[in-house]
Peer 1: 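Okay, handing you the structure first.
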Amino acid sequence: MKLSKYYMPTLREVPADAEIPSHQLMLRAGMIRSLSAGIYSYLPLGYRVIRKVEQIVREEMDRSGALEVLMPAMQVADIWKESGRWEEFGPLMVRFKDRNEREYCLGPTHEEVIADIVRDEVRSYKDLPFNLYQIQTKVRDEIRPRFGLMRAKEFIMKDAYTLDCDEDGLDKAYQNMYDAYVRVFERCGLDTRVVEADSGAMGGSGSHEFMVLADSGEDDLAFCSECDYAANVERAEAALEISSVSPAADNPADSSLAANVSAEASTVADGPAEVSAGNSDYSPAEATTSEAEIEKVHTPDATTIEDLVDMIEVSPGKMIKTMAYIADDQPVVALVRGDDQLNEVKFRNYLGAIELRPAHPDEFSEKFGSVAGFIGPVDLPENIRIVADRRIQELDKAVTGANEKDYHLVNVNPHRDIAKIEAFTELRTVQAGDPCPRCGGSLEIKSGIEVGHIFKLGTKYSSNMGATYLDENGKAQPIVMGSYGIGITRVAAAAVEQHHDDRGIVWPLPLAPFQIIILPLGNSDEVDWAAEELYKELQEAGLEVLLDDRDERAGVKFNDAELIGIPLRITIGSRSLENDEFEVQIRRTGKDFNIDRSSACSKIEKLLEEIE
RNA sequence: CGGGCUGUGGCGCAGUUUGGUAGCGCACCUGCUUUGGGAGCAGGGGGUCCUCGGUUCAAAUCCGAGCAGCCCGACCA
């Protein structure tokens, strides 16, 4: 491709609206342009990269035995009402009506369509198993689109769905996809980590996420420094000893162990419900009682843990942080230690709630009989559910809000003073330095970009939508499903996050829009002829090559070549051409050297093989 | 949705405090020169100053409402 005939609007300056490297660089390199927030056009250079990613995904999916299909982007509301997700998905789904007032949405995902396709056709266990996948644009009305392609309202996703007779079949299909994903990301030149994940709104029994480690990542991940334990902090647990007080706390590590699965293992994690159930049968009779009586102390304007520490000289670890939430319109309260953070995912999973949000300030008085900044679990109204983190049960003489402006309570003993804590369960977010649940080593926290997510769905959708088959005994059984996503456009962005320097993008060879760029410098005809000749020769060798034949100065060409990140640069100028030589530079290493004109093509092919 | 910031030629910004009819750099067009790391000189084109309403002789500037974009939180591939 000749650049004089290409559309590659590069930007010298950094667009003010772009924050992270991939967003800035993809805009500057002329790969993408936004139509509105979170909605992008993929320009020629950008779309070539997208297609590279798609092709790698397609090849590995085909290799795994999956079958490519293309499902409708526009879906009828009926199937979503059947699965129960028309309500559940909420405002994330873009909905509209046709001229006959029939309701539709733009597909944010395709479980319902798959179930619909399959329920009318699959009759017998003999028809199973199989795996269907598609590469398609998904639409989600994200609360806050940001970071360019990283979180867009419209994005390209590969989604696959496995259909099996039973859990064993699902386990095999899941492992098969797991392995395919490992190959996909490796081929894309991405350094990814697999972590145990919460299955969230998808439902189902187990899931893993494929993460690209990057500072700009939106997920926090817990890694053990000793063993291979890795989990999204949404689900990660620490092996914290809970001292004395309650026998219910005896073996905190056990439940976590059961719920964990190593990256290589073919078994799957247990549902989070089981985790909390194991820890929740707390018995108040066993609790010790503190001698000291509760006291109310004046704490003017101390609405945060930090304020309190300054005012009454108690460490955060001795405080009970009380978090007021509304779960499906019901007021609920979560208790965590002052030095811990509430993990909303764990809280939501425990409650089994669909919608969970922090209470608004005015709701503190309306629904909690309290006041923002001074809420506490002692003497809350009867109707409010109180759930405490396990670490609360070992507290004594703790400090908490008095439900009265400018007052806190001290000497609180949770077992004695807090009426009906319905459970002590795992609610805290793990922190760096916490002990690993598997080996006791130290956990570290890193941020990552989620590029792939695989779920064992089970029978949630098939049951709700009547997708059944007849087993060997002629009995109807729900099909067992799995669902597997790769964010194609996000992979491209993540690759830039992981591979760039201060001059621009440094594409891994398999994703590079072109492998080679030829820069003829100066205005000599000999140079132009030599460039043209090499260009043709490389093209005939089947290589993807850009020829920068624009009437631009050397600096412009060098800078653009580096910005767009082409792995191999061939410079042709009268200087080296006098010796019948071309100059080569490898983008990643910056290494440069001359090659002979006569053997240039074969030498370049060899170089490309050496660049991983 | 809550909190913060910002809307001025294609891009990056100044001008807003103290109203007086819009400017800088880059990019673009023409000519000459230049030509190995984002050229120089000369000339030129392009702006409903986010929108609507109000105050005023006069509004980019002051007031009100709305819209859009970005950042921090909940959502997710």
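Lettering follows sequence order; numbering is per chain, from 1.
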Peer 1: Measure distances between side-chain N and O atoms of Arg569(A) and base N and O atoms of G37(B), and say whether any donor-acceptor pair falls under 3.5 Å.
Peer 2: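 Checked by distance alone, the answer is yes.
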Peer 1: Any side-chain N or O of Arg144(A) below 4.0 angstrom from OP1/OP2 of C71(B)?
Peer 2: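 True: Arg144(A) side-chain N/O within range (under 4.0 Å) of C71(B) OP1/OP2.
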Peer 1: For Glu218(A) and for Thr571(A), find the nucleotide of RNA chain B with the closest heavy atom, then tell me which residue's nucleotide is more 5'.
Peer 2: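 It is Thr571(A) whose nearest nucleotide is closer to the 5' end.
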Peer 1: Would you measure the distance from the C1' atom in G38(B) across to the matching atom in G12(B) and give it in whole Å?
Peer 2: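 My reading of the C1' atoms in G38(B) and G12(B) gives 15 Å.
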Peer 1: Would you say C75(B) has OP1 or OP2 under 4.0 Å from some side-chain N or O of Arg348(A)?
Peer 2: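 It does, given that an N or O in the side chain of Arg348(A) lies less than 4.0 Å from OP1 or OP2 of C75(B).
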Peer 1: Would you verify whether the NZ or CZ of Arg193(A) falls within 45 degrees of the ring axis of Phe223(A) while also being under 6.0 Å from that six-membered ring's centre?
Peer 2: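 The answer is yes; both the distance and angle limits are met.
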Peer 1: Tell me which nucleotide among U34(B), C71(B), A77(B) gets nearest to the side chain of Arg553(A).
Peer 2: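 Between U34(B), C71(B), A77(B), the one nearest the side chain of Arg553(A) would be U34(B).
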Peer 1: Would you call Arg357(A)-Glu363(A) a salt bridge at under 4.0 Å N-O?
Peer 2: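 Yes, this pair counts.
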Peer 1: At less than 3.5 Å, do the side-chain atoms of Arg140(A) and the base atoms of C76(B) form a donor-acceptor pair?
Peer 2: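 Looking at the base of C76(B), it does not pair with any donor or acceptor on the side chain of Arg140(A) (distance under 3.5 Å).
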Peer 1: Measure from the ring centre of Phe558(A) to the centre of the six-membered ring in the base of G38(B), then say whether that distance is under 5.5 Å and the planes meet at under 30°.
Peer 2: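 By the stated criterion, Phe558(A) and G38(B) do not stack.
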Peer 1: If you measure from the P atom in G9(B) to the same atom in C72(B), how many Å do you get, rounded?
Peer 2: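 It works out to 25 Å between them.
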Peer 1: Any donor-acceptor pair, under 3.5 Å, between the side chain of Arg151(A) and the base of C75(B), if you only look at N and O atoms?
Peer 2: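 Result: at least one qualifying N/O pair found.
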Peer 1: Below 3.5 Å, does any donor atom in the side chain of Glu552(A) face an acceptor in the base of G37(B), or the other way round?
Peer 2: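 Donor-acceptor pair under 3.5 Å: no.
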Peer 1: The criterion is ring-ring contact (aromatic ring centres under 6.0 Å, His included); which residues satisfy it with Trp80(A), sequence neighbours excluded?
Peer 2: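 Testing Trp80(A) for ring-ring contact (aromatic ring centres under 6.0 Å, His included), a comparison that skips the adjacent residues, returns Phe89(A).
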